Student: 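Got a structure for you, written out below as structure tokens; questions coming shortly.
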Amino acid sequence: MPTPVAGTTLTVVGGDARPGLSGVSSDALVAWFAERGEPAYRARQVADAVWRGDATTAADIQTLPAALREGLDEAFRFDTVGDTELRLSDGGLTEKGLHRLADGALIESVLMHYPARPGQRERHTLCISSQAGCAVGCPFCATGELGFGRDLETAEIVDQVRHAARRLAADKKRLTNVVFMGMGEPLLNLDRVLAAVDALNDPRRFGLGARHITVSTSGVVPGIRRLTALGPQFTLAVSLHAARDALRDVLVPLNRRWPVAEVVAAAREHAAATGRRVTYEATMIAGINDTELDAQAMADLLRGDHAHVNLIPMNPVAHTPWTASPDPVIEVFAATLAAAGVTATIRRNRGQEIGAACGQLAAERAGEPAPAVVARRRARLVDESAHALRGERSHEPAPAGIGE
Ligand code: SAH
Ligand code: SF4
């Protein structure tokens, strides 16, 4: 650390500059040892300790000479999400993790346990974050309300998974699924997300099959096309929420840049090229996107596609004037989709009482906005959705900072 000049205050920007070890490729680690005149098997020793063992500092790797351990500690961070607060709900079936990163940014991951049922083995699914905050700004989402903080580095994404896997291992359990449905828009941090998926997927590192990894996007069309060109990497989920542009402009502001028909066309090409079914998500909001007209529009949009729709009652988290659609309304919506040959599942949210919805705990830490700000936000949403329900498109620009 530089020595502060007398009379000035030293500001350290960005926290810890050392890269997280779990985001470093095997080749880069071999190269690091080679620079120190060490053989490649040293990299294997470290990788084994990180991925198979439970090393969270270099001191945990006793088979390495002390000087190398020190060197490793100076060059890399063994754990980027170590500072974690856990909250349990649903009788212990849901574990919400709030991770404080080196620069103070807060992100969340949620571990959900699904006990075995007839015909289905037990599952342990982790929902992870790809960014601190999010630039897309969907009004029903607590992360969207926070705004954009920063992209996560590869290791910060992977270490959420290692953290949960260590907790499960202590109970002799294994993580079975990872979903990128926490904070952030994964396709706006795609290089790091792909590197993280690579580490999770690699049998010599985390070793989780690609079929057990799902990445959800709000509809970043260039990102979907890039994935299509790469071939099957994981299951793609697309947050649809509405099939009509006027309404989707409000619910997913990214729609002003990439309208719903383009998003679905890109998802369709992805399904055709990879042979994988696309999953669509729709957060169901009473009186906003759950009407018969919306169900019919969605059915028309997806008719004949190799697709599946998950209908999720809105978690009442953000400062909106809205509430979840009642179950019978969602059932009618699902029936309209089914009549058009589009399969749909109603998915109940987990962990509502601890705020398991995307970004809610971090939003809570950010502090309650002033009542006047909340009132203005509500009034704007009432106004915007009233226009949208009349079919009028938004004149607002697409959110800033969403790339190309
Ligand atoms: N940014 C990506 C992935 C993270 S959000 C995306 O939007 O797809 C993951 C999912 O959580 C999305 O489908 C999103 O619409 C949903 N979600 C966000 N806030 C919600 C809420 N209050 N109730 C229900 N689902 C919500
Ligand atoms: Fe971002 Fe997804 Fe939340 Fe929309 S729903 S604000 S894209 S995290």
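Counting starts at 1 for both ligands and their atoms, following the listed order. All values reported here derive from a predicted model rather than from experimental measurement.
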Student: Hey, which atoms in ligand 2 end up nearer than 4.0 Å to a heavy atom of G137?
Tutor: 6 (S)
Student: Flag the pair D159 and R77 as a salt bridge only when some basic side-chain nitrogen lies within less than 4.0 angstrom of an acidic carboxylate oxygen.
Tutor: no
Student: Which atoms of ligand 1 have any heavy atom of T217 under 4.0 Å away?
Tutor: 6 (C), 8 (O)
Student: Relative to the heavy atoms of C138, which atoms of ligand 2 are at a distance of less than 4.0 Å?
Tutor: 4 (Fe), 5 (S), 6 (S), 7 (S)
Student: Would you tabulate the side-chain donor-acceptor contacts of residues 24-34 under 3.5 Å, counting partners in other chains and residues two or more places apart, or write 'none'?
Tutor:
unit_1: S25; atom_1: OG; unit_2: A28; atom_2: N; d: 3.1

Student: Please set out all donor-acceptor pairs under 3.5 angstrom arising from side-chain atoms of residues 129-137, sequence neighbours excluded.
Tutor:
unit_1: S129; atom_1: OG; unit_2: E108; atom_2: O; d: 2.6
unit_1: S129; atom_1: OG; unit_2: M183; atom_2: N; d: 3.0
unit_1: Q131; atom_1: OE1; unit_2: E185; atom_2: N; d: 2.9
unit_1: Q131; atom_1: NE2; unit_2: D151; atom_2: OD1; d: 2.9

Student: Nearest to atom 14 (C) of ligand 1 by heavy atom, Q131, H241, E185: which?
Tutor: H241
Student: Using 2.8 Å as the threshold, say whether any N, O or S atom from C141 sits that close to atom 3 (Fe) of ligand 2.
Tutor: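 Short answer: yes, at least one N, O or S atom is under the cut-off.
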Student: Considering only heavy atoms of S218, which atoms of ligand 2 have at least one such atom less than 4.0 Å away?
Tutor: 7 (S)
Student: Using heavy-atom distances, let me know which of M284, M181, R347 sits nearest atom 9 (C) of ligand 1.
Tutor: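 Checking each option, the heavy atom nearest atom 9 (C) of ligand 1 is found in M181.
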Student: Is R347 paired with E281 through a side-chain N to carboxylate O contact shorter than 4.0 Å?
Tutor: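 Answer for the salt bridge query: yes.
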Student: Look up atom CD in E95 and atom CG in L126, then write down how far apart they are to the nearest 0.5 Å.
Tutor: 9.5 Å
Student: Can you list the ligand 2 atoms lying under 4.0 Å from a non-hydrogen atom of G144?
Tutor: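 With G144 as reference, the close atoms of ligand 2 come out as 6 (S).
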Student: Going by heavy-atom distance to atom 21 (C) of ligand 1, choose the closest among L254, N315, T320.
Tutor: N315
Student: Relative to atom 1 (N) of ligand 1, which among S216, S218, G184 owns the nearest non-hydrogen atom?
Tutor: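 That would be G184.
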Student: With rounding to the nearest 0.5 Å, note down the distance linking CG in L86 to CG in L111.
Tutor: 9.0 Å
Student: Is atom 1 (Fe) of ligand 2 under 2.8 Å from any N, O or S atom of C134?
Tutor: yes
Student: Taking E38 first and then R36, would you say they form a salt bridge - that is, a charged N and a carboxylate O separated by under 4.0 Å?
Tutor: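 Salt bridge flag = no for R36 with E38.
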Student: Of the listed options (S239, S216, G184), which comes nearest to atom 8 (S) of ligand 2 when hydrogens are ignored and any heavy atom counts?
Tutor: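 Comparing heavy atoms across S239, S216, G184, the nearest one to atom 8 (S) of ligand 2 lies in G184.
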Student: Considering both backbone and side-chain atoms of M314, is one of its nitrogen or oxygen atoms within less than 3.5 Å of a nitrogen or oxygen in ligand 1?
Tutor: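 Not met; the criterion fails.
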Student: So is T283 polar-close to ligand 1, meaning N/O to N/O under 3.5 Å?
Tutor: yes
Student: Do any N or O atoms from the side chain of E384 and from the backbone of V382 form a donor-acceptor pair under 3.5 angstrom?
Tutor: no
Student: With a cut-off of 4.0 Å, which atoms of ligand 1 are near a heavy atom of G182?
Tutor: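 That gives atoms 4 (C), 5 (S) of ligand 1.
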Student: Please round to the nearest 0.5 Å and tell me the distance separating atom CG of L190 and atom CG of L187.
Tutor: 5.0 Å
Student: Any donor and acceptor pair, going by atom type alone, linking the side chain of D300 with main-chain N or O of A297 inside 3.5 Å?
Tutor: no
